[in-house]
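Reviewing the structure listed below.
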Amino acid sequence: MTSAAGAPGTLWAISDLHIGYPENRALVEKTYPDSPEDWLLVAGDVAETVDDVRWALGTLAERFRRVVWAPGNHELWTHPKDTVTLRGVARYEHLVEVCRELGVTTPEDPYPVWEGAGGPAVVAPLFLLYDYSFLPAGCATKDEGLKYAHGTGVVCSDEYLLHPDPYSSREAWCRARVAETERRLAELPAGLPRILVNHYPLDRHPTDVLWYPEFAMWCGTRLTADWHRRFRVDTMVYGHLHIPRTTWHEGVRFEEVSVGYPREWRKRPDPPGRLRRILPSPAREEAAR
């Protein structure tokens, strides 16, 4: 695939592969680029075990020119079925080392620049977590929000499987990640647009369509609500919600790129596992016609 200007390759994105499901693993086995110059952004929730993460990212890294990974909450779970029992920061750092062995770009690496069609643009994978600040209506604190969520029966499994060690809480870990990432983004040279890749949306608005609004507590942080404006973002790539769609917020494209669980994607008219094109931007190509 080549742009009108002749720049090679396409920047694709996907997330929430959840390859613990055989049907989803089969989707990864069938995923190939259109061009040897294509890049793939993977916005988290590849799998719950390190071995599965290694297999999926390794398979994709063999096929795409570059794979860029941002962790989801499922990779960070210390799951009973995983032989790797690391928790919190130690687990994340282990996953980063696995990615580096595979040649996969992580949030701990220098941000690469996409020079292909629709570029140049800085591609920044982020690891930010959440801090319970997307509270349910009528709740003023995390404790009130969690009490309400438990009352509805909608509670993220992170409460039992995602450990923040050595931080005192998931929100403390989130604040540390936000501060460090904010510093790095502020140091980027001016002039290039940015593609930010995070498991969670930077702003709360994509969660407005959730069937269970209380789940928004586990979907991001208000600390990043202005980042799409501050950091000259072209596209904000995210997953987690399992609601693939394109929205526009204050002139910035928000692209939800998740596959989701088989019970979800079977109901959709589009083929499952479809990569979503980030650059060249489909919307801008349409506007230019």
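Positions are given from 1, in the same order as the sequence printed here. Quick caveat: nothing in here was measured; it's all calculated off a predicted structure.
The nearest pair of heavy atoms linking Val113 to Pro120 is CG1-CB, 4.0 Å. The two atoms that bring Gly9 and Glu37 nearest to each other are CA-CB, 3.8 Å, heavy atoms only. Residues Ile19 and Ala56 approach most closely at CD1-CB, 3.9 Å, considering heavy atoms. Between Ile195 and Ala121, the closest heavy-atom pair is CG1-CB, 4.2 Å. Nearest heavy-atom pair, Leu17 versus Asn24, reported as atom, atom and distance to 0.1 Å: O-ND2, 2.7 Å. Residues Thr181 and Leu126 share a closest heavy-atom pair of CG2-CD2, 3.6 Å.
Checking side-chain atoms of Glu97 against main-chain N and O of His94 turns up no donor-acceptor pair under 3.5 Å. A side-chain donor-acceptor contact under 3.5 Å links Thr224 to the backbone of Leu202. At least one donor-acceptor pair closer than 3.5 Å links the side chain of Glu256 to the backbone N or O of Leu241. When atom types are taken as modelled, the side chain of His163 and the backbone of Asp165 share no donor-acceptor pair closer than 3.5 angstrom. In this structure, the side chain of Arg204 does not engage the main chain of Arg222 through any donor-acceptor pair within 3.5 Å. Under a 3.5 Å cut-off, the side chain of Arg177 and the backbone N or O of Phe127 do form a donor-acceptor pair. Judged by distance alone, with hydrogens and angles left aside, the side-chain atoms of Arg232 form no donor-acceptor pair with the main-chain N or O of Ala190 at under 3.5 Å.
Between Glu180 and Arg184 there is no salt bridge, since none of the side-chain N atoms of the basic residue sits less than 4.0 Å from a carboxylate O of the acidic one. The pair Arg91-Asp82 meets the salt-bridge criterion, since a charged nitrogen lies less than 4.0 angstrom from a carboxylate oxygen. Looking at Glu144 and Lys147, no side-chain N of the basic residue comes within less than 4.0 Å of a carboxylate O on the acidic one, giving no salt bridge. A salt bridge links Arg100 to Asp109: at least one charged side-chain nitrogen sits closer than 4.0 Å to a carboxylate oxygen.
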Between Trp39 and Trp12, does the ring-ring contact (aromatic ring centres under 6.0 Å, His included) criterion hold? Intermediate values first, please. CA-CA 6 Å; Trp39 288 19; Trp12 302 101; over 10 Å; no
Criterion side chain to side chain donor-acceptor pair (under 3.5 Å) on Arg63 and Thr31, from CA distance to verdict: CA-CA 9 Å; Arg63 299 172 181 175; Thr31 299; 5.7 Å; no
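Atom NZ of Lys267 sits in a sparse spot, with 12 or fewer heavy atoms from other residues, nucleotides or ligands closer than 6.0 Å. Tyr148 OH: 12 or fewer foreign heavy atoms inside a 6.0 Å radius.
Side-chain contact annotation: Asn73 with Tyr130, donor-acceptor N/O pair under 3.5 Å absent. Side-chain atoms of Tyr167 and Arg175 include no donor-acceptor pair closer than 3.5 Å. In this structure, a donor-acceptor pair under 3.5 Å is absent between the side chains of Asp131 and Trp173. Between the side chains of Glu255 and Thr235, not a single donor N or O lies within less than 3.5 Å of an accepting N or O. Tyr92 and Glu108 are linked by a side-chain donor-acceptor pair at a separation below 3.5 angstrom, with hydrogens and angles left out of the test. Using modelled atom types, one finds no donor on one side chain facing an acceptor on the other under 3.5 Å when comparing Ser157 with Glu159. When only modelled atom types and interatomic distance are considered, Thr246 and Arg253 share no side-chain donor-acceptor pair under 3.5 Å.
Under the salt bridge (Lys or Arg N to Asp or Glu O under 4.0 Å) criterion, Glu23 pairs with Arg266, not counting sequence neighbours. With sequence neighbours left out, the side-chain contact (heavy atoms from CB on, under 4.5 Å) criterion links Thr247 to His205, Arg245, Phe254.
At least one side-chain heavy atom of Pro71 sits under 4.5 Å from a side-chain heavy atom of Pro107. Side-chain contact check for Val42 versus Val68: every heavy-atom pair is 4.5 Å or farther apart. The shortest distance between side-chain heavy atoms of Val123 and Leu196 does not fall below 4.5 Å. Phe215 is listed as a side-chain neighbour of Cys156, based on a closest heavy-atom distance under 4.5 Å.
For His242 and His18, the gap between ring centers is short of 6.0 Å.
Trp227 does not carry Arg194 over the face of its six-membered ring by the limits of under 6.0 Å from the centre and within 45° of the normal.
Hydrophobic clustering (ILVMFWY, side-chain heavy atoms < 4.5 Å, transitive): Val257 and Phe64 are in distinct clusters.
Below 30°, between 30° and 60°, or above 60°: for His240 and His199 the angle between ring planes is above 60°, a perpendicular geometry.
Exactly one residue among Asp38, Thr10, Leu275 makes a side-chain contact (heavy atoms from CB on, under 4.5 Å) with Pro33. That residue is Asp38.
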